[in-house]
Amino acid sequence: MLYNAYELQKNWLAGASALANMSAEMLQSPTNPFSYLGGPVVASALEVFAHAAAPRGKPAFGLHQTRVNGKTVDVVEEIVLQKPFGQLKRFRKPGVENAPRLLIVAPMSGHYATLLRGTVERMLPMHDVYITDWRDAKLVSLAEGDFDLDDYVDYIVEFLEHIGTGAHMLAVCQPSVPCYAAVALMSAQKHPCTPKTLTLMGGPIDTREAPTDVNTLATERPHSWFQQNAIATVPMMYPGAGRRVYPGFLQLAGFMSMNLGDHMMSHWGMFKHLIVGDDDSADQTKHFYEEYRSVCDMTAEFYLQTVQTVFQKHSLPRGEMMHRGARVDPKAITGVALLAIEGERDDISGLGQTKAALTLASELPAKMKRYHMAPGAGHYGIFNGSKWRNQIAPIVEEWIAAHN
């Protein structure tokens with residue numbers, strides 16, 4: 001019922017958004033006499049509503065060019081490995097045949113991999129970049145089976161095997177735990193495709209450190225609450241009809257409610273920019289929310305297992321995390337250089353949660369560990385924006401180069 005009610009509301013808002021857009025255009029037309037009688041104010045309000053209410057699909061990366069050694073070169077997206085619940089995407093370009101190969105692991109947390117567009121764009125000039133492009137679970141047929149946290153780890157290992165030996169890996173937020181687990185398991189097996197470096201950015205390695213509202217929500221409620229209140233069934237209109245999922249719209253609602261005042265002020269600012277004709281400033285806000293409000297579903301089994309393993313039982317830092325019958329042992333990590341990055345103002349993964357990865361890898365030499373706390377950076381500022389481009393990315397590049 002929940003998903004069907006959401007679809008009904010979404011379709012109604014889509015029509016209202018189209019009507020608001022048409023009305024805004026009419027009020028801004030110089031041939032309309034009402035455009036001179038408060039038209040711009042009303043039109044601006046309608047445009048803000050139209051943008052907020054418009055339906056959204058999967059965004060495009062749109063990274064067609066980059067600079068390599070002072071020259072502009074073309075970038076071509078190509079899918080190099082396709083799986084039912086995700087694919088491995090490569091950003092191929094000339095001039096980087098011997099560049100370090102970097103696998104960026106995007107979160108499976110309600111947003112598409114394009115949320116890391118700024119991360120990819122910044123790393124493109126000096127690296128051969130790959131990224132995990134996870135599928136929207138509502139589009140995956142039930143015939144493809146289930147997908148849980150163990151499968152996520154398996155996908156990471158398979159992606160690394162496809163890229164080959166000597167690669168590097170960067171995990172942003174949620175995938176920090178499965179990436180860390182994959183590296184520990186591969187290290188224990190002496191797998192030839194174990195990455196040379198693993199960079200963890202704002203990830204919940206040990207959520208007992210500086211718990212945030214996200215962590216508190218997971219620990220205050222029993223596992224049964226999430227099963228009963230956070231899971232819905234995909235409606236018949238989608239290829240994944242009948243699949244049990246954690247809907248992206250619920251995840252988005254949770255994130256929006258955490259900082260509702262900030263989001264309201266952002267839209268108020270957009271409204272003021274539109275009134276005075278400052279379209280460039282208004283477009284910046286629009287572009288951010290185009291990405292932020294584009295959400296997808298994740299399978300119920302993956303979501304529930306992650307809640308229990310990462311946020312309720314703290315299985316990894318307690319040495320109790322299992323993967324297909326094998327214990328995930330951080331002490332097995334002895335040859336992978338670890339870089340942990342946190343934001344001073346991160347309200348999703350608190351300070352110390354990612355840093356814990358360095359302590360858990362107790363057999364790794366100190367020279368192969370590094371920690372960086374980004375002053376003034378919030379969660380999204382770690383991997384997008386000026387702080388990422390100018391302060392954090394150079395540290396990641398230096399770390400990769402030092403261990404290539």
Side-chain angles (χ1 to χ4, degrees), residues 1-13 52-53 55-56 85 107-112 115 134-142 144-152 173-178 203-204 206-208 211-264 292-316 321 347-350 353 379:
M1 288 298 293
L2 175 65
Y3 216 127
N4 286 311
Y6 166 75
E7 287 295 329
L8 182 64
Q9 180 198 51
K10 185 181 75 172
N11 292 335
W12 181 86
L13 285 173
R56 290 167 174 82
F85 290 90
M108 182 182 280
S109 57
H111 283 100
Y112 293 98
L115 190 68
W134 304 111
R135 287 193 71 189
D136 187 338
K138 69 174 173 283
L139 303 180
V140 183
S141 167
L142 281 173
E144 299 291 356
D146 297 336
F147 182 89
D148 61 13
L149 188 57
D150 289 337
D151 294 308
Y152 194 117
C173 189
Q174 170 269 321
S176 292
V177 170
D206 189 348
T207 57
R208 297 171 298 180
T212 64
D213 290 344
V214 175
N215 310 143
T216 303
L217 172 66
T219 55
E220 284 184 343
R221 291 170 169 80
H223 192 65
S224 58
W225 184 92
F226 292 94
Q227 291 175 310
Q228 296 167 8
N229 295 279
I231 304 303
T233 302
V234 177
M236 295 301 296
M237 66 191 73
Y238 291 107
R243 182 178 294 282
R244 299 286 283 169
V245 297
Y246 176 54
F249 62 82
L250 282 184
Q251 179 81 322
L252 177 63
F255 279 139
M256 294 286 281
S257 64
M258 283 178 59
N259 298 289
L260 185 57
D262 292 341
H263 292 300
M264 292 178 68
Y292 191 73
R293 294 171 63 88
S294 298
V295 292
C296 55
D297 301 346
M298 62 187 93
T299 64
E301 57 272 14
F302 170 78
Y303 172 75
L304 293 172
Q305 189 181 357
T306 299
V307 167
Q308 187 173 53
T309 301
V310 178
F311 296 100
Q312 293 184 332
K313 291 186 174 181
H314 314 290
S315 299
L316 178 60
M321 184 174 179
D347 58 353
I348 294 180
S349 295
Q353 293 187 12
H379 187 72

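Just so it is clear, the values below take in all heavy atoms, side chains as well, and ignore hydrogens, waters and symmetry mates. Nothing fancy with the numbering, it's 1 onward along the sequence. Quick caveat, the model's predicted, so the values are computed rather than measured.
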In chain order, what residues pass the side chain to side chain donor-acceptor pair (under 3.5 Å) check against T309, with sequence neighbours excluded?
none

Dump the intermediate steps for ring-ring contact (aromatic ring centres under 6.0 Å, His included) on W134 and Y152, then the final yes or no.
CA-CA 10 Å; W134 304 111; Y152 194 117; 4.5 Å; yes

Does Q353 use its side chain to pair, donor to acceptor, with the backbone of D206 at less than 3.5 Å?
no

If the condition is salt bridge (Lys or Arg N to Asp or Glu O under 4.0 Å), which residues does R221 pass it with, not counting sequence neighbours?
none

Is there a side-chain contact between V234 and R244, using heavy atoms and a 4.5 Å cut-off?
no

Look up atom CZ in R135 and atom OG1 in T299, then write down how far apart they are to the nearest 0.5 Å.
13.0 Å

I'd like to know if the side chain of T207 and the backbone of P204 have a donor-acceptor N/O pair within less than 3.5 Å.
no

Sequence neighbours excluded, the answer for side chain to side chain donor-acceptor pair (under 3.5 Å) partners of R243 is none

State whether the side chain of T212 and the backbone N or O of I348 hold a donor-acceptor pair below 3.5 Å, judged by distance alone.
yes

From Q312 atom CD to E220 atom CD, the distance as rounded to the nearest 0.5 Å:
11.5 Å

Please identify each residue that fulfils ring pair (Phe, Tyr, Trp, His ring centres under 6.0 Å) with F147, with sequence neighbours left out.
F85, Y155

Rounded to the nearest 0.5 Å, how far apart are CG of D151 and CD of Q305?
8.5 Å

Go through the structure and list residues passing salt bridge (Lys or Arg N to Asp or Glu O under 4.0 Å) with D150, not counting sequence neighbours.
none

Test of understanding: with salt bridge (Lys or Arg N to Asp or Glu O under 4.0 Å), list the residues that count as partners of D148, not counting sequence neighbours.
none

